[in-house]
Protein chains: 2
Amino acid sequence: MDNLSIPADSPGGPDSTEQRIFDAAHDVFVQKGLDGAKMQEIADRAGINKALLHYYYRSKEKLYETVARAVINRAFPVIRKMLESDDPLELKISRFIDFYIDLVSGNPFLPLFVITEMHKHQDRFFETVLSGQLPQPEVFFQQVESAIAEGRIRPLDPRHLLVNMVSMCAFPVLGRPMIRVVLGQSQQEMSVFLGQRKAEVKEFIFQSIQP
Amino acid sequence: MDNLSIPADSPGGPDSTEQRIFDAAHDVFVQKGLDGAKMQEIADRAGINKALLHYYYRSKEKLYETVARAVINRAFPVIRKMLESDDPLELKISRFIDFYIDLVSGNPFLPLFVITEMHKHQDRFFETVLSGQLPQPEVFFQQVESAIAEGRIRPLDPRHLLVNMVSMCAFPVLGRPMIRVVLGQSQQEMSVFLGQRKAEVKEFIFQSIQP
DNA sequence: ATCCGGTTTAACTATTTGGTTAACGCCGGG
DNA sequence: CCCGGCGTTAACCAAATAGTTAAACCGGAT
């Protein structure tokens, strides 16, 4: 699996104080959100004095913004490349599912963080995401239309297909605690269950779109 | 459409102080979460003195718990009944999709609220907020197994089918702002798009599970 | 060796915020 | 009329927490 683990960013040396702060802030903000995060906890996790947070990042707001932008900038461009590649449709769908499920499984806090950020700070979110990394679904849509025309798949709205794909990959991580309890599973069983989904979702899709 | 809109609860007269507090708290908690909500803001929105919040609801925790329970109690029991009904499988799936999409469309804040609070305050969520309301999927699973045995649908894991169903219904509301921008749609077009999903998701599922 | 800048810290301040209290008003029963 | 209790309020309190400051540290340049 690629190195998709998110915290690996910008500043100074890879073990500089600034970097340690960023990493700690990333962990705390991503798990607890802007309101739930405490500066002291970030300082403790970074193993440094709280004043250094302000020395390097002025304010909680600024620190949060830095983290939020980094998370967004790391998640979206890869998805975009994947949608715009010239892999044939079936392979593209397969790779997309694999990649997306790996991504959210390896970063279980990512979907909730991104979605919360998208809702609570919409302006900043789209300003960030619109700077060149907005996924362009046109290529994918075109491929679907062609496959329909060729009779390789049944007629369907490619937009709904795309939304279905993303939904089935992202939601299970969002709803994991609920799903786990409803299915009566342990944490380990739940990890297995989520792993199964790569195959299961692909099968579900390919069965659905066949002519 | 049924009256699925959430805020309409318990106490006193429909315009009592207690009710006004509840409504204001509902709005604020749902929009900002437990951590982001401020008691003063709730009081202001209710147009009353902050001390009255404590007079009627003791503490922020209790007030939050009341609101969260009310939200959960309106959504989950119906889902549970739906899964446990003795409708034949195909009809049950169809009704489930219709109901779930109506529910989240009519209460777009609901999924994000439930998921956020479930993650951020897991213990309390499952112990006090959700006590007893857990959906029991056994009946549904049994029906799927029977349908497989009878050859009416292809062999598949009923757990993944259920997760797929919920995912495709709930996620589009969570990701709505993103989906809207990626598809280049207006708010109106987006509402239409989400409305189409009732038919589209059902078709997607039935095509997938057919033998 | 010493000066000097960036770095780091402990202690401090200011503000926010959940929660309390004591007084006031209002209204129905005696 | 007045008494008593529920409802309501302004003012207050205490804890938590973001942010500041002044002094100490430290390594390299002179």
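Residue numbers begin at 1 in each chain, while the letters A, B, ... track the order of the sequences.
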K.L.:
Going by number, which of residues 43-54 of chain A have a non-hydrogen atom under 4.0 Å from DNA chain D?
P.N.:
A/K50, A/A51, A/H54
K.L.:
Side chain to side chain contact (heavy atoms under 4.5 Å, CB included) with B/Q207: which residues, sequence neighbours excluded?
P.N.:
A/R154, A/S208, B/E203, B/Q210
K.L.:
Looking at residues at least two apart in the chain, or sitting in another chain, which of them share a ring-ring contact (aromatic ring centres under 6.0 Å, His included) with B/H121?
P.N.:
none
K.L.:
Applying side chain to side chain contact (heavy atoms under 4.5 Å, CB included), name anything that partners B/D98, two or more places apart in sequence or on another chain.
P.N.:
B/S94, B/K198, B/K202
K.L.:
Just distance, no hydrogens or angles: give the donor-acceptor pairs under 3.5 Å from side chains in residues 168-179 of chain A, sequence neighbours left out.
P.N.:
from	atom 1	to	atom 2	distance (Å)
A/R176	NH2	A/Q187	O	3.3
A/R176	NH2	A/Q187	OE1	3.1
A/R176	NH2	A/S191	OG	3.4

K.L.:
Mind checking side chain to side chain donor-acceptor pair (under 3.5 Å) for B/Q185 and listing every partner two or more places apart, or none if nothing turns up?
P.N.:
none
K.L.:
Provide the start and end nucleotides, 5' to 3', of the part of DNA chain C that has atoms under 4.0 Å from heavy atoms of chain A.
P.N.:
C/dG6 to C/dA10
K.L.:
Below 4.0 Å from chain A heavy atoms, what is the first contacting nucleotide of DNA chain D and what is the last?
P.N.:
D/dT17 to D/dT21
K.L.:
Could you go through residues 42-49 of chain A and list every donor-acceptor pair under 3.5 Å that involves a side-chain atom there, pairing it with any protein atom two or more places apart or in another chain?
P.N.:
from	atom 1	to	atom 2	distance (Å)
A/D44	OD1	A/Q40	NE2	3.0
A/N49	OD1	A/A51	N	2.8

K.L.:
Can you confirm whether more than 12 heavy atoms, excluding those of A/K120, are under 6.0 Å from its NZ atom?
P.N.:
yes
K.L.:
Once salt bridge (Lys or Arg N to Asp or Glu O under 4.0 Å) is applied, do any residues pair with A/E145, and if so which ones, sequence neighbours excluded?
P.N.:
none
K.L.:
Provide the full list of side-chain hydrogen bond (donor to acceptor under 3.5 Å, both in side chains) pairs with a residue in residues 128-138 of chain A, sequence neighbours left out, each pair given once.
P.N.:
A/R69-A/T128, A/N73-A/Q133
K.L.:
What pairs with B/Y64 under ring-ring contact (aromatic ring centres under 6.0 Å, His included), at least two apart in sequence or on another chain?
P.N.:
B/F29
